[in-house]
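Below is one structure, written out as structure tokens, with a few remarks after it.
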Amino acid sequence: MTYQKDHGLPSLADVPLHIEDALMRSASDVPVGREKTKDIAKLIKEMRRLNINKRVTTTLIESGKKLVTAKVKLDSETVKEWKRLMVNKSHDDKETNAEWKQKRENFEGPIDLFISRMHLLQGDRKFKQWKGSVVDSVVGVFLTQNVSDYLSSNAFMSVAANFPANARECLDPLAYYIEEPEDVNDSILDDQEPTHIGNDDAKNSQFITLSKDSIPEVEKHEKSAKRKNKKTGIMEDAIVDWKTIRNTYRKEGSRHKMHMDSVNWNDVRLSGQKFFENIIRTRGQFRILSGRIKKFLNDEVKQNGTIDLEWLRDAPSDLVKRYLLDIEGIGLKSAECVRLLGIKHSAFPVDTNVGRIAVRLGWVPLEPLPDGIQMHQLSQYPSMDSIQQYLWPRLCKLPQETLYVLPDNHKLLDDFERRELDDPSPYLLAIWQPGETSNSFTQPKKKCDFDGSELCKKKTCSYCWTIREQSSNTFRGTILIPCRTAMRGGFPLNGTYFQTNEVFADHETSLEPVVFPREWCDGLEKRAMYCGSSVSSIFRLLDTRRIQFCFWTGFLCMRAFDRKKRMPQELVRRLHTPPVGRGAKYMHDDDI
């Protein structure tokens with residue numbers, strides 16, 4: 001507690017591991033008598049009374065003023081430009097067009113400066129396309145909502161492992177899985193033309209046959225019929241002929257290999273609700289999300305006869321945005337993620353982190369705060385939609401775009417998949433120390449009284465195992481797989497769940513290391529790897545120089561990967577042990 005207070009750390013979990021271990025050892029050396037036990041019990045009771053773990057929803061300020069929620073200062077011209085962009089209309093006024101061009105050029109300066117600073121820290125992180133369909137990205141954004149990238153990517157990997165895609169089924173229509181649609185009277189008399197009418201659901205459509213005399217009346221009604229989109233606040237046509245639009249932009253023939261489904265989505269649709277819930281259970285909100293995902297898939301089959309959204313790649317951006325927003329559970333940020341990362345449209349999704357950075361850097365003007373209220377005293381930042389409403393008109397024209405490195409032909413990779421050609425990361429080899437096991441979370445030590453006659457049989461005795469490995473001229477190691485290669489180049493939202501320098505620990509060789517001749521390491525390049533449960537936990541106590549070193553020359557590892565089941569796994573304890581899992585009581589028999 002004293003160390004935590006002296007160094008201004010928010011919790012005991014933030015105390016560095018080596019300091020924490022030293023404090024634990026020093027505390028264990030102090031004899032605890034009966035009086036001490038009473039004092040500890042009294043302290044525990046007092047801490048419970050304080051209820052310090054209860055979530056705090058309101059913070060009082062010494063001045064007595066209430067906390068406020070910040071609001072974005074939106075001028076009328078910004079609102080007007082936002083509405084114009086949402087419906088994909090061009091400027092009629094040349095003067096207004098020139099003014100906005102100048103505003104965007106002025107805004108590019110701070111953006112370029114920020115990007116250059118981030119490149120200095122993180123290195124070159126150019127956008128690279130991953131394989132995957134539009135449906136992959138839609139389900140992907142469902143799984144990313146209100147959760148870390150680690151949990152959402154694990155959930156998608158689990159879905160892909162349980163419902164592997166079949167190339168033929170991905171291309172064939174699903175008519176044999178669904179009920180036949182009702183027959184539509186396609187016959188047209190000489191004096192008649194087909195006209196579309198619809199209900200409040202933008203994706204449900206009906207066709208009736210009308211005489212020519214009634215057509216002008218219907219067309220006039222369609223032009224005047226408007227609705228306000230609840231998710232964007234924009235007035236738009238109440239009726240859209242999605243069937244015609246789909247047929248207009250749908251391409252005949254097979255899909256491009258980069259746009260194939262990563263998952264057999266029809267099998268997901270037909271799976272039991274409980275079964276699908278269990279697959280994504282560890283992600284959280286599994287009941288709500290499983291229901292929304294299955295409803296989306298069922299709606300696509302019911303309305304279109306197939307689960308295929310590839311036509312959105314060629315449709316106008318305003319129609320793509322409206323179609324995505326009509327999906328239950330997809331909001332503006334999620335729709336923009338699909339457009340930007342899944343379809344490569346010009347878009348700018350704003351989540352909580354993007355919104356906070358934009359406000360802190362002064363890119364978004366706020367309405368005046370009450371006297372005495374500082375930025376750090378705000379109870380909430382402005383809504384993400386209002387931040388996006390200010391930024392998008394100004395950004396819409398920006399251009400888009402002890403470890404060894406194993407060469408692709410190394411003997412240790414004979415049983416591994418060939419690395420993807422455009423994978424920025426190589427295969428890696430992590431060497432085990434003598435006396436290390438998969439459960440080790442402390443440095444191995446000498447565990448015997450070796451007198452030179454016979455080596456002990458303790459797995460964790462570093463002294464004896466050093467002699468064994470030296471005499472046999474071998475090393476033990478775990479293979480680390482670059483994440484793009486592990487996913488075979490396909491993942492929703494162009495793989496933005498992962499860091500560009502992220503690798504997965506091969507689960508098989510994490511449990512049972514490969515044993516190989518030491519000369520196989522000759523000439524290999526050494527690199528650094530940082531393991532942890534998340535990027536934030538890894539970088540929390542690193543200074544800028546070490547973070548820069550990690551991104552420029554090192555690698556990150558936050559999960560293991562089962563190559564046979566193609567499922568994510570937790571890292572073994574020798575690679576990462578969270579603070580709650582350390583200490584003598586967590587020691588395994590082979591660690592003693």
Side-chain angles (χ1 to χ4, degrees), residues 131-145 147 152-182 201-205 231 240 242-243 245-246 249-250 255 259-281 283-313 315 320-331 334-335 337-339 341-343 490-493:
K131 300 173 187 175
S133 66
V134 179
V135 175
D136 289 351
S137 290
V138 171
V139 177
V141 295
F142 273 119
L143 296 174
T144 62
Q145 295 171 353
V147 77
S152 58
S153 54
N154 270 1
F156 191 91
M157 291 165 68
S158 299
V159 172
N162 282 274
F163 302 98
N166 180 285
R168 185 183 62 81
E169 289 183 1
C170 289
L171 297 176
D172 290 347
L174 303 175
Y176 51 90
Y177 284 125
I178 62 175
E179 297 179 2
E180 291 295 328
E182 295 181 4
D201 186 348
K203 296 186 190 176
N204 292 336
S205 57
K231 298 179 180 179
V240 178
W242 290 115
K243 182 177 181 180
I245 292 173
R246 175 187 288 271
Y249 296 104
R250 184 174 58 191
R255 291 189 203 173
H259 300 158
M260 301 297 288
D261 289 326
S262 302
V263 176
N264 189 322
W265 294 115
N266 194 60
D267 282 357
V268 174
R269 181 181 72 87
L270 297 173
S271 65
Q273 184 74 24
K274 293 292 184 183
F275 179 73
F276 188 59
E277 286 178 5
N278 287 331
I279 292 175
I280 63 173
R281 178 179 292 272
R283 179 234 176 266
Q285 296 181 306
F286 53 91
R287 291 192 181 92
I288 296 175
L289 287 176
S290 62
R292 287 178 177 175
I293 291 171
K294 289 175 71 68
K295 183 180 186 302
F296 156 66
L297 298 174
N298 283 318
D299 286 348
E300 287 300 314
V301 171
K302 181 179 179 181
Q303 295 163 13
N304 308 306
T306 183
I307 305 174
D308 186 351
L309 295 181
E310 293 306 299
W311 61 274
L312 291 176
R313 296 184 186 275
V320 174
K321 183 179 295 184
R322 175 164 177 177
Y323 192 92
L324 294 172
L325 289 173
D326 281 340
I327 299 173
E328 183 179 333
I330 297 294
S334 296
C337 283
V338 174
R339 291 205 310 118
L341 303 171
I343 309 178
F491 214 76
L493 306 177

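Because only heavy atoms are used, hydrogens play no part in the values below, and waters and symmetry mates are left out as well, while side chains stay in.
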Does [Y] offer a backbone N or O that forms a donor-acceptor pair with the side chain of [X] under 3.5 Å?
{"X": "Lys294", "Y": "Ser271", "result": "yes"}
{"X": "Asn264", "Y": "Asp267", "result": "yes"}
{"X": "Arg283", "Y": "Leu289", "result": "no"}
{"X": "Ser137", "Y": "Leu493", "result": "yes"}
{"X": "Glu300", "Y": "Asp308", "result": "no"}

For [X] and [Y], work out which heavy atoms get closest and say how close.
{"X": "Leu324", "Y": "Ala335", "answer": "CD1-O, 3.8 Å"}
{"X": "Gln273", "Y": "Gly291", "answer": "NE2-N, 3.4 Å"}
{"X": "Leu297", "Y": "Arg269", "answer": "O-CD, 3.7 Å"}
{"X": "Leu312", "Y": "Val320", "answer": "O-CG2, 3.3 Å"}
{"X": "Phe491", "Y": "Ser262", "answer": "N-OG, 4.3 Å"}
{"X": "Gly140", "Y": "Pro492", "answer": "CA-CB, 4.0 Å"}

Next on the checklist: Working note: Val159 + Phe276, criterion side chain to side chain contact (heavy atoms under 4.5 Å, CB included); need CA distance, chi angles, decisive distance, verdict.
Outcome noted: CA-CA 8 Å; Val159 172; Phe276 188 59; 3.9 Å; yes

Checklist entry - Does the side chain of Phe142 reach to within under 4.5 Å of the side chain of Arg292, using non-hydrogen atoms? => result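 SC-SC contact between Phe142 and Arg292 confirmed.
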
Next on the checklist: Can you confirm whether Ile279 sits close enough to Phe286 that some side-chain heavy atom of one is under 4.5 Å from a side-chain heavy atom of the other?
Outcome noted: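 Heavy-atom side-chain distance check fails, nothing below 4.5 Å.
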
Checklist entry - Taking 4.0 angstrom as the limit, do Asp136 and Lys131 come out as a salt bridge? => result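 No, no charged N to carboxylate O under 4.0 Å.
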
Checklist entry - How long is the gap from CZ on Arg250 to CG on Asn304, to the nearest 0.5 Å? => result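 If I round to the nearest 0.5 Å, the distance is 9.0 Å.
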
Item to check | Distance (rounded to the nearest 0.5 Å) between Ser158 OG and Ile280 CD1 | outcome: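 Atom-to-atom, Ser158:OG and Ile280:CD1 are 9.5 Å apart.
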
Checklist entry - Do Gln145 and Ser334 pass the side chain to side chain donor-acceptor pair (under 3.5 Å) test, and can you show the C-alpha distance, the side-chain angles, and the key distance before you say yes or no? => result CA-CA 8 Å; Gln145 295 171 353; Ser334 296; 3.3 Å; yes

Checklist entry - Does the gap between the ring centers of Phe296 and Trp265 come in under 6.0 Å? => result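 No, they do not, as the ring centres are separated by 6.0 Å or more.
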
Next on the checklist: Let's go through Asn162 and Phe275 carefully: what are the C-alpha distance in whole Å and the side-chain angles of both, what is the deciding distance for side chain to side chain contact (heavy atoms under 4.5 Å, CB included) to 0.1 Å, and is it a yes or a no?
Outcome noted: CA-CA 10 Å; Asn162 282 274; Phe275 179 73; 4.2 Å; yes

